[in-house]
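I have placed the structure first, in the form of structure tokens, so that the comments after it can refer back to it.
Note on naming: letters A, B, ... go to the chains in the order of the sequence lines (proteins, then strands), and numbering restarts at 1 for each one. It should be emphasised that the depicted structure is a prediction, and the values quoted were computed from it without experimental measurement.
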Protein chains: 2
Amino acid sequence: MEIKEISQAVIGRLPRYYRYLGDLKDEGVERISSQELSELMKVTASQIRQDFNNFGGFGQQGYGYNVEYLYKEIGKILGLDQTHHFIIIGAGNLGQALGGYLNFERRGFIFSGMFDQNPALVGKDVRGVKVQPMEEMEAFVKNNAVDIAVLTIPKTGAVDVAEKLVSYGIKAIWNFAHVDLNVPEGIQVENVHLSDSLMKLSYNINRYNQSLMENQ
Amino acid sequence: MEIKEISQAVIGRLPRYYRYLGDLKDEGVERISSQELSELMKVTASQIRQDFNNFGGFGQQGYGYNVEYLYKEIGKILGLDQTHHFIIIGAGNLGQALGGYLNFERRGFIFSGMFDQNPALVGKDVRGVKVQPMEEMEAFVKNNAVDIAVLTIPKTGAVDVAEKLVSYGIKAIWNFAHVDLNVPEGIQVENVHLSDSLMKLSYNINRYNQSLMENQ
DNA sequence: CCCATTTTGACAACATTTTAACATTATGTT
DNA sequence: AACATAATGTTAAAATGTTGTCAAAATGGG
């Protein structure tokens, strides 16, 4: 039995396709060719066809791709046809921002719990979810079907909290703490390192200015 | 004059090196070999040497790398030896979270202005910076040295605001709006598409469960 | 219903990125 | 001061990712 492994490079592009196709669908566009989509998204048509073909051909020769169908299929690949319950650890501004995001819910991500060690935040209501003390986390994870834990706490403690979450049965972590988590094989971690992103921007500002100077 | 272009793949890894080296420095470690660092960071030693060599050899054969020196040099490459002033457009929870981040300041990123169209937020104080109405944005950008604009507003309007910012002279945008900005050549944009990141996580949860089933 | 046109899916060529191998250079111990 | 050891910088090979090309298939107009 051959399982074709899809590269993360391809997976990384799927959400963007999904976004553009959703917009097209909302605009009432019924069909689109890889050529048209490539002009819209500023990527090569070849890449689009190659990417979609990883999953076995969603198009029709001479016609192109049906927008609604393709949108739905990519959604399925991304698991958006399923419901994922998530909890947020850390009820600061970032945690509150993520908890308040209505768009996540539209994609099947249900905000179902929030925890913080700061007593001043405990009891606070974030879009219908009450902040609970950290001590409640274990029972909550064990008694509820939680698919994803979102870590919006400072780097100190993040590794420990992640280990605890895993021991309670959590299988996926969306990590905003600026540290690499140490989790066993099979636990999915997606990192969002904001300061890394800012540094990349800083590099590119710099680099551009430098190349300007050198061209004089 | 030949300007060797460094690939974004390499740049993307620099912040992580920077973080590990900073930690090592704080622990008082003086020197490290690519071998040791590779075990710590779980990447190949070859990649580490290759990456550093893009910038012309920071190490010493038979010795390794001096932690403090390497840390500083990478900081310079990333432009962290310079000061960058940033403003935040959108004073919601996400904007407030980013404005409140003390670590950015440590890296030379100075939070100097904040804007929102919601009158209820105008006047609010975020770490010493008062939220101003959107109408003040133009004058502020033109009268102050602003290096980076952070966009933490909904996707509706983000494209317009970005265009305005560029017309006022902004050269770099850190974009959290879930939309692709349309900016002229030479304007740096770094996107943080949170829902894309969440979808990738969702895919990987799914994929792992599936491969488990198929192996039974 | 035929045929020109469109457009995919597949494959091959090309480019980039990553890893491996090793010659060279510095270290530090005797 | 010589030499064994350590570890870089560099080059080569392998792996991965992207783009170009084209045959085959479907469309849709006449």
Write down the protein N/O and nucleotide N/O pairs, taken from nucleotides 2-5 of chain C, whose separation is under 3.5 Å; answer none if there are no such pairs.
none

_For a quick check of understanding: with a heavy-atom distance under 4.0 Å over all strands, which category does A:Ser33 fall into, base, sugar-phosphate or nothing?_
sugar-phosphate
| Is there a donor-acceptor contact under 3.5 Å linking the side chains of A:His178 and A:Asp196? | yes
Whichever of A:Asp51 and B:Glu36 has the more 5' nearest nucleotide on DNA chain D, that residue is B:Glu36
(message) Tell me whether the side-chain N/O atoms of A:Asn53 come closer than 4.0 Å to OP1 or OP2 in C:dT8.
(response) no
Kindly check if the number of other-residue, nucleotide or ligand heavy atoms within 6.0 Å of NZ (A:Lys25) is above 12? yes
In whole angstroms, the gap separating P of C:dT16 from CD of B:Gln8 amounts to 14 Å
If only atom types and distance count, is the side chain of A:Asn206 paired as donor or acceptor with the main-chain N or O of A:Ser202 below 3.5 Å? no
I'd like to know if A:Arg16 pairs up with B:Asp180 as an ion pair, taking the criterion as any Lys NZ or Arg NE/NH1/NH2 lying under 4.0 Å from an Asp or Glu carboxylate oxygen.
yes
Give a yes or no on this: more than 12 heavy atoms of other residues, nucleotides or ligands lie within 6.0 Å of atom OH of B:Tyr17.
-> yes
From CD of A:Gln47 across to C1' of C:dA15 the rounded distance in Å is 13 Å
Can you establish whether the number of heavy atoms outside A:Glu105 located under 6.0 Å from its atom CD is more than 12? yes
Discussion item. Regarding A:Phe52, tell me which of base, sugar-phosphate or nothing describes its non-hydrogen contacts under 4.0 Å with the strands shown.
Written reply: nothing
Would you tabulate the nitrogen or oxygen pairs shorter than 3.5 Å linking the protein to nucleotides 27-29 of chain C?
residue, atom, partner, partner atom, Å
C:dG28, OP1, B:Arg31, NH1, 3.3

Q: Consider only side-chain N and O atoms of B:Ser33 and B:Glu36, and report whether a donor and an acceptor are under 3.5 Å apart.
A: yes
Self-check item: Contact under 4.0 Å: A:Thr44 side-chain N or O vs D:dT19 OP1/OP2
Solution: yes
B:Ile48 CD1 to C:dT17 P, in whole Å, measures 18 Å
A:Gln50 atom CD is separated from D:dT19 atom C1', nearest whole Å, by 9 Å
When rounded to whole Å, the CD to C1' distance for the pair A:Glu5 and D:dG17 reads 15 Å
- Task: Inspect the surroundings of NZ in A:Lys72 and state if more than 12 heavy atoms from other residues, nucleotides or ligands are less than 6.0 Å away.
- Result: no
Among D:dT21, C:dA21, C:dT17, the one nearest any side-chain atom of B:Ala9 is C:dT17
Picking from C:dT8, D:dT8, D:dT18, the nucleotide nearest the side-chain atoms of B:Tyr65 would be D:dT8
Between CD of A:Glu39 and C1' of C:dT7 the distance, given in whole Å, is 14 Å
note: B:Arg49, atom CZ; C:dT25, atom C1'; distance rounded to Å ~ 14 Å
inquiry  = Using 30° and 60° as the class boundaries, would you call the ring planes of A:Tyr71 and A:Tyr18 parallel, tilted or perpendicular?
reply    = parallel
*asked:* For a quick check of understanding: with a heavy-atom distance under 4.0 Å over all strands, which category does B:Ser46 fall into, base, sugar-phosphate or nothing?
replied: base
Rounded to whole Å, the CZ-P distance (A:Arg13 to D:dG17) equals 9 Å
>> What's A:Gln35 touching, base or sugar-phosphate or nothing? Going by heavy atoms closer than 4.0 Å.
In response: nothing
message: Taking atom CD as the centre, does B:Gln8 end up with more than 12 heavy-atom neighbours from other residues, nucleotides or ligands that are less than 6.0 angstrom away?
response: yes
